[in-house]
Structure formats: C-alpha cells, structure tokens
Amino acid sequence: MHLAYPAVLAALLFSVGLYGVLARRNAILVLMSVELMLNAVNLNLVAFDVWLRDALHAGQALTLFTIAIAAAEIGIGLAIVLMVHRNRGTADVDRLRDTAEPRGTEETPSADEKAEATA
C-alpha cells in the first residue's frame, strides 16, 4: 500500500475538521469537527505504523490512547455544552464569549458577609 493514499485522506479529513472549527457557530458542530481532526491524526498514526513496520506498533498504541482521550473529551465537552444551553438557552459560540455574570447584576454584600470576609 502506498503511503500517499491514507496521508491525502487524512489531510482532507483534517482540513474539513479545521474548517468546521473555524466556521461553525454551534458548539456541538465544533466538537464534531475536533473529533474529525483527531480521527485524521489517528489515520496518520496507523498508516505510518504500517509503513514503517514497527515491531512495537507504537502508532497503533498511540491511536488507542487518542481514542480514549477523545471519548473523555467528547463526554465532558457535551456535558458542558448541555449545561450552557440549559442555562443560557443557546449553544451559539459567538454568544457565549463572556461566561462570567453580566456586570450590574452582582449583589452587594451584606454587612454580615463583609464582617465574615474581614475576619
């Protein structure tokens, strides 16, 4: 097998994923694009492992590690996106730039809280 075929396919997958990260506004689609980029990296790792005929199969081992990390990343990322959508009503990345409370809505501390903070 020629190394060019999987390398070109991985470059195309990575390019599509990069476009998705840069152009999309929905956080779910951004997470899917990151997963597409990770799959392109996994394809390269396995293709170079086969091409180099590595006795330890380091490329395949790194691919399994990357898949495990990607599964954890998508689980936590999806949970964060769902909580943000539940609290703010949107998963639009452009509207979620400021994650802090809006200014002017903070409550002034009471006298008990001030005394407790100085103690």
Side-chain angles (χ1 to χ4, degrees):
M1 176 176 83
H2 295 286
L3 185 61
Y5 298 133
V8 168
L9 179 61
L12 289 173
L13 283 174
F14 193 86
S15 300
V16 169
L18 185 64
Y19 173 75
V21 167
L22 295 176
R24 297 293 174 192
R25 293 186 181 173
N26 191 344
I28 302 283
L29 293 177
V30 170
L31 286 174
M32 288 175 56
S33 298
V34 169
E35 290 295 320
L36 195 60
M37 292 168 60
L38 286 172
N39 285 329
V41 170
N42 289 340
L43 180 62
N44 267 336
L45 284 171
V46 171
F48 276 97
D49 182 53
V50 169
W51 184 63
L52 294 174
R53 297 179 187 177
D54 186 19
L56 296 175
H57 298 294
Q60 293 178 21
L62 283 173
T63 298
L64 289 175
F65 182 71
T66 306
I67 290 170
I69 295 297
E73 173 256 336
I74 198 68
I76 292 172
L78 189 59
I80 290 171
V81 168
L82 288 175
M83 286 301 295
V84 167
H85 185 274
R86 185 178 297 163
N87 290 336
R88 298 215 177 185
T90 183
D92 190 2
V93 177
D94 291 336
R95 293 185 183 174
L96 300 177
R97 292 190 190 270
D98 184 27
T99 58
E101 289 289 324
R103 293 188 181 249
T105 61
E106 296 116 5
E107 296 179 15
T108 57
S110 65
D112 294 333
E113 291 175 348
K114 287 180 185 178
E116 187 178 4
T118 57

Check residues 17-35 and write down every donor-acceptor pair under 3.5 Å in which the side-chain atom is one partner and the other belongs to a residue at least two apart or another chain.
| from | atom 1 | to | atom 2 | distance (Å) |
| --- | --- | --- | --- | --- |
| Arg25 | NE | Asp94 | OD2 | 3.0 |
| Asn26 | OD1 | Ile28 | N | 3.2 |
| Ser33 | OG | Leu29 | O | 2.9 |

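- Listed by chain and number, the hydrophobic cluster partners of Leu12 are Val8, where partners are ILVMFWY side chains within reach of under 4.5 Å, directly or through others.
- Here Asp49 pairs with His57, Gln60 under the side-chain hydrogen bond (donor to acceptor under 3.5 Å, both in side chains) rule; sequence neighbours left out.
- The distance from atom CG of Asn39 to atom CZ of Phe14, rounded to the nearest 0.5 Å, is 12.0 Å.
- In this structure, CG on Asn42 lies 4.5 Å from OG1 on Thr63, to the nearest 0.5 angstrom.
- Listed by first then second residue, pairs satisfying salt bridge (charged side-chain N to carboxylate O under 4.0 Å, His left out) with a partner in residues 10-19 number zero, not counting sequence neighbours.
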Result block: side-chain N/O donor-acceptor pairs under 3.5 angstrom for residues 65-87, not counting sequence neighbours:
| from | atom 1 | to | atom 2 | distance (Å) |
| --- | --- | --- | --- | --- |
| Thr66 | OG1 | Leu62 | O | 2.7 |
| Asn87 | ND2 | Met83 | O | 3.4 |

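- For Leu3, the side chain to side chain contact (heavy atoms under 4.5 Å, CB included) test picks out Ala47, Phe48, Trp51, with sequence neighbours left out.
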